[in-house]
Number of protein chains: 4
Amino acid sequence: MADSLGARQAAVQRNREALLAAAAAVFVEQGVQAPIRDIAGRAGVGLGTVYRHFPSRAELVTAVYRHQIEECVALAAALLAEPIPPGAALARWIDAFVEFLVTKHGLGVALQSADPSLLTLHTLMLDRLVPACASLIAAGVAAGEIDPEVTAYTLMRAVGNLCILGAGYERADAQDMVARLLVGCRRAP
Amino acid sequence: MADSLGARQAAVQRNREALLAAAAAVFVEQGVQAPIRDIAGRAGVGLGTVYRHFPSRAELVTAVYRHQIEECVALAAALLAEPIPPGAALARWIDAFVEFLVTKHGLGVALQSADPSLLTLHTLMLDRLVPACASLIAAGVAAGEIDPEVTAYTLMRAVGNLCILGAGYERADAQDMVARLLVGCRRAP
Amino acid sequence: MADSLGARQAAVQRNREALLAAAAAVFVEQGVQAPIRDIAGRAGVGLGTVYRHFPSRAELVTAVYRHQIEECVALAAALLAEPIPPGAALARWIDAFVEFLVTKHGLGVALQSADPSLLTLHTLMLDRLVPACASLIAAGVAAGEIDPEVTAYTLMRAVGNLCILGAGYERADAQDMVARLLVGCRRAP
Amino acid sequence: MADSLGARQAAVQRNREALLAAAAAVFVEQGVQAPIRDIAGRAGVGLGTVYRHFPSRAELVTAVYRHQIEECVALAAALLAEPIPPGAALARWIDAFVEFLVTKHGLGVALQSADPSLLTLHTLMLDRLVPACASLIAAGVAAGEIDPEVTAYTLMRAVGNLCILGAGYERADAQDMVARLLVGCRRAP
DNA sequence: TATGAATGAGGGTTCATTCAT
DNA sequence: AATGAATGAACCCTCATTCAT
């Protein structure tokens, strides 16, 4: 009894994760506006199953990115605890953020869209990521390494935008441009 | 006979210009994916007329932005001719580019889209804008003011991305971020 | 063993009754086409349980209304046994029928629908209610109070229709219209 | 030029009328909630054509019934002008109304639905039909033939309901029941 | 040339129904 | 027996594109 119940719940969970993986992949290929049918097909489930797990596109999008966002949040705390200069900590954190944006998840495109279905994602970023980034900036400012004019939200939006890739503007280009942007955020001597 | 021919040609030309103006306005309001019907309606012409003048969306998009792009090209030449330091010239040119991107034309969004209908726009940028920008960069590099690693195409894509606005990330933010990016493009001392 | 068998059967019966109550409530609120899921949810059981007890919507609908219908049947016999004029007996019976139709059960809508899922309900009405009504009409005809042209089935359909309520046509309106219809069913002097 | 323009407009008008005819037929068979696709198919046009002519279901429904409604309105005026007793005029008008409801148009079902897509139709009835009926009732009341308690709106809803046909309750039954209802609306002696 | 009516593919969403556990 | 996850058919609606006039 408990076994078969557990087995069922496990299957449901597997389905949910298959959907998240499929959605992440499809979002990268087609953007967050990709047809729900495509996601269902990629996950190998029926259309209704997507709607069962994620009644609205917003919930699916949010679920896809939540985990990555939480990892970023955790990293910020970890870096602050390390005995390195705050400016370097910020740089390393931004590197990791870029890695997420660019490598596997299409978050960049997602962040810039005004689409109502992305409101929750935006909120999530505001609530979780911005404070994490702000703490690193504050440390950098306190150490005299970062220009106090720089705000976390704006910087993150800018980095997010710089990570929107395309033909002829690849990952390495985004990394380079972000690094240069950070140089411009240092405290003027 | 000649008169009525001339009159007809003039009417055709007027239609074309009304369409360009309407498309520019609609692109700003709704983005480059706006329904063709909206553009036709705004221009006061029939749907078929849009397709006659611009058989594909790409051609319409390209035509809309071509004029702005040519102004930028001309500005680059003008700035190079002025007796100012090349780094300042580049900064002023980028300022103007940002102005175009941000103020009236939604070019930012257009540039980052992977949509095949924007391929020609991309080509146009490559053909006309990149050389203009490259000439300013080259001058800056020659003067020892700009990092020789910076390439025109990448810089323009980055600036284009930084100019994708949204709620909480307005024109002034984009201008600020672009300025900081340029700081990061200076030759390392 | 006998106990647990009895207990199980009791639970099954409880489920069935919870479903009937839930369906009656949902039919009133949303009509007989309400989603099966809503009924399951209201009854606090799983979807499959609904299908086990009532394999088709028709069976559920019929079961919901059967009890009310039997009450009407019993009332007809009781009224015939009372020492009142047959015309008054018919009027009182119709009043009670209207009460059922209008007050709690949405039967009015159900009776007029051509939906195949309501065929059995229709049959039930034919088999049980029409004879009951016919007996009252026959008594009225015999007493010279009711027009012999009136047939039970037609009258019941008409009353059923008159009891389909809506904004601006409320219970009291239906009662009034039914009363006037009955006036028109009296024997012409 | 004028000819071909006229021909085109005529074709459009024919299409529109084919749609109205198809919709009327489909509404009778399946009710006003019938799939738009079925109406398009019956009319021999594409789906989009239905939406072009009637952007919402409400507009289609209203258009289907508007003509019949206006005929009824006109009839009321004509009957009032005739030298016949007002009670007879009302009876003849109601006969005509029943004819419309029952013969070709399924209006009965339409009138009782609370569906938002039928709001306009309801409004139309309120605005046009109810005053027409009320004028006949007023004349009957003034002549002492009609019970002053009877209101036009309620009577029309009742007649509408009585005209919802089904297996075993046909046109003749509806006519009979409506006639009896009218008897019940006479002034009590 | 210009028009705009017509078409139908495409994508969102709901819900009846099945079936493994 | 009960559960509820999964499925997919069926509808709705929008809009790019074609083409007769």
Side-chain angles (χ1 to χ4, degrees), chain A residues 1-16 19 33-40 43-53 55-57 117, chain B residues 8-9 11-12 15-16 33-41 43-53 55-57 117, chain C residues 8-9 11-13 15-16 33-41 43-53 55-57 117, chain D residues 1-16 19 33-38 40 43-53 55-57 117:
Chain A
M1 261 323 231
D3 265 8
S4 73
L5 186 64
R8 175 130 48 120
Q9 287 178 338
V12 170
Q13 187 58 23
R14 260 198 312 283
N15 244 334
R16 186 187 161 86
L19 272 171
Q33 299 306 341
I36 299 286
R37 269 181 177 82
D38 288 7
I39 295 166
V45 303
L47 238 190
T49 304
V50 184
Y51 281 97
R52 160 174 291 273
H53 285 284
S56 74
R57 183 182 292 271
S117 74
Chain B
R8 180 149 350 159
Q9 286 176 339
V12 169
N15 262 343
R16 186 186 163 86
Q33 300 304 340
I36 297 288
R37 191 178 297 274
D38 288 8
I39 295 165
V45 304
L47 248 184
T49 305
V50 184
Y51 281 95
R52 166 168 295 274
H53 283 283
S56 75
R57 182 181 292 270
S117 74
Chain C
R8 181 154 345 162
Q9 286 177 339
V12 170
Q13 186 58 24
N15 261 343
R16 188 186 161 86
Q33 301 303 343
I36 297 288
R37 191 179 297 273
D38 287 9
I39 296 166
V45 304
L47 246 186
T49 305
V50 184
Y51 280 94
R52 166 170 295 274
H53 283 283
S56 74
R57 182 183 292 268
S117 75
Chain D
M1 262 318 235
D3 265 7
S4 74
L5 185 63
R8 175 131 48 122
Q9 286 176 338
V12 170
Q13 187 59 24
R14 259 197 313 283
N15 245 335
R16 187 188 161 86
L19 271 171
Q33 299 305 341
I36 298 288
R37 219 178 273 282
D38 287 7
V45 304
L47 235 190
T49 305
V50 184
Y51 282 97
R52 159 175 290 273
H53 285 283
S56 74
R57 182 183 293 271
S117 73

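Values below: all heavy atoms of this structure, side chains included; hydrogens, waters and symmetry mates excluded. Reminder, nothing fancy here: chain letters follow the sequence lines and each chain counts from 1.
In this structure, the nucleotide among E:dG4, F:dG4, E:dT18 sitting nearest to the side chain of A:Arg8 is F:dG4.
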Mind running side chain to side chain contact (heavy atoms under 4.5 Å, CB included) on C:Asn15 and C:Arg52 for me, showing each step along the way? CA-CA 11 Å; C:Asn15 261 343; C:Arg52 166 170 295 274; over 6 Å; no

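Taking both residues in full, the closest heavy atoms of C:Leu47 and C:Arg37 are given as CD1-NH2, 3.5 Å, listed atom of the first, atom of the second, then distance. When all heavy atoms of D:Val50 and D:Ala40 are compared, the pair lying nearest together is CG2-CB, 3.6 Å. Nearest heavy atom pair, residue C:Ile36 against residue C:Arg57, reads CG1-NH2, 3.8 Å. In terms of heavy-atom proximity, A:Thr49 sits nearest to A:Leu19 at O-CD1, 4.0 Å.
Regarding C:Tyr51, its OH atom lies at a distance of 12 Å from the P atom of E:dC15, rounded to whole Å.
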5' to 3', nucleotides 6-11 of chain F under a 4.0 Å protein heavy-atom cut-off (B base, S sugar-phosphate only, - none) gives BBB-BS

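In this structure the side chain of B:Val12 reaches within 4.5 angstrom of the side chain of B:His53, judged on heavy atoms.
The distance from the CZ atom of A:Arg16 to the CD atom of A:Gln9 is 13.5 Å, given to the nearest 0.5 Å.
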Let me have DNA chain E in dot-bracket notation, would you? Count Watson-Crick plus G-U wobble pairs, both distances under 3.5 Å, and use [ ] for pairs crossing earlier ones and | for inter-strand partners. .||||||||||||||||||||

